[in-house]
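Beneath this line is the structure, given in structure tokens, with notes to follow.
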Amino acid sequence: MVTADALHTQHDHGAYLTSRGAHYVAVVKKNHPGLYAQVRTLPWQDIPLGHRTRDHAHHRDEIRRLKVAAFSHLDYPGARQAIQVVRWRRDLSTGKLTIERVYLITSLRVFDATCAELATWIRGHWGIENLLHHVRDRTFCEDDSKVRTGTLPRAMASLRNLAISVFRQDGQTNIAAALRHTGRDYHRPLRALGLT
């Protein structure tokens, strides 16, 4: 089972995975306009709710609703089902409510996985996004980097991943605070890497 964000929702990727017997759950966004329109305009209001969770954490209430529809004519290699996840979030400090709809596709057939299992895999994928990509984007401002030529962007991403991994292995949960603390004394990064 491979979970993928919208960047990897490409026909070649889907064909590659299905040709090797793997299954996928992939996010569909507007960067794939035909597939996005096809999935978004399915009759979601007529499809019964498959799974619902409610959480209270990080100063907000969150309700996630998942619907799954089996379709054989989705324009993507091996796609068997379309998924709609609706997230309702209320910030408890401001009272602000946000509603987000996310669409996904999967190569799994109806009897291959339950709605609860699909919801777990999707949450797991977003967990990775939050623990790694969000930190790289916000703390290290990776999207604002001017490094764009040759293999240097990959090398810089590897160094950012190394720093995040070292902090997490050291038990740090706030990477920005750990980065500031480590940056105050040039001996601290060496100690964190076990070099002194």
I need the minimum non-hydrogen distance between [X] and [Y], along with the two atoms involved.
X    : Y    : result
P153 : T149 : CD-O, 3.3 Å
K29  : Y36  : O-CB, 3.4 Å
D91  : S93  : OD1-OG, 2.6 Å
R54  : I63  : CG-CG1, 3.9 Å
T18  : G78  : CG2-CA, 4.0 Å
V102 : R87  : CG2-NH2, 3.6 Å

* What residues, two or more places apart in sequence or in another chain, satisfy salt bridge (charged side-chain N to carboxylate O under 4.0 Å, His left out) together with R188? -> none

If I take atom [atom1] from residue [X] and atom [atom2] from residue [Y], how far apart are they, to the nearest 0.5 angstrom?
X    : Y    : atom1 : atom2 : result
D12  : S19  : CG    : OG    : 10.5 Å
Q84  : I47  : CD    : CD1   : 7.5 Å
N31  : T9   : CG    : OG1   : 7.0 Å
D185 : R191 : CG    : CZ    : 5.5 Å
I164 : L159 : CD1   : CG    : 11.0 Å
L42  : L74  : CG    : CG    : 6.5 Å

* Does the pair I175 and R168 meet the rule for a side chain to side chain contact (heavy atoms under 4.5 Å, CB included), with working shown? -> CA-CA 8 Å; I175 303 301; R168 294 232 189 266; 3.9 Å; yes

Please examine the side chains of [Y] and [X], heavy atoms only from C-beta on, and report whether any two atoms are closer than 4.5 Å.
X    : Y    : value
H56  : L92  : yes
D55  : R123 : yes
R101 : R40  : no
L108 : L118 : yes
V110 : Q81  : yes
I105 : Y24  : yes

* Is T151 reaching over with its side chain to a backbone N or O of R154, donor-acceptor style, under 3.5 angstrom? -> no

Would you kindly confirm whether [X] and [Y] end up in one hydrophobic cluster when ILVMFWY residues are joined by side chain heavy atoms under 4.5 Å apart?
X    : Y    : answer
F71  : Y103 : yes
V28  : W44  : yes
L152 : L162 : no
I83  : W121 : yes
V68  : V25  : yes

* **Contacts of H11 that satisfy ring-ring contact (aromatic ring centres under 6.0 Å, His included) - sequence neighbours left out** => H32, Y76

* After noting the C-alpha distance and the side-chain angles of T98 and R60, does the key distance pass the side chain to side chain contact (heavy atoms under 4.5 Å, CB included) rule? -> CA-CA 11 Å; T98 58; R60 67 180 183 218; over 6 Å; no

* Going through the checks in order, is the side chain to side chain contact (heavy atoms under 4.5 Å, CB included) test met by Q38 and H73? -> CA-CA 10 Å; Q38 193 177 19; H73 63 278; 3.8 Å; yes

* With sequence neighbours left out, write down each residue that passes side-chain contact (heavy atoms from CB on, under 4.5 Å) with T53, or none if nothing qualifies. => H51, R64

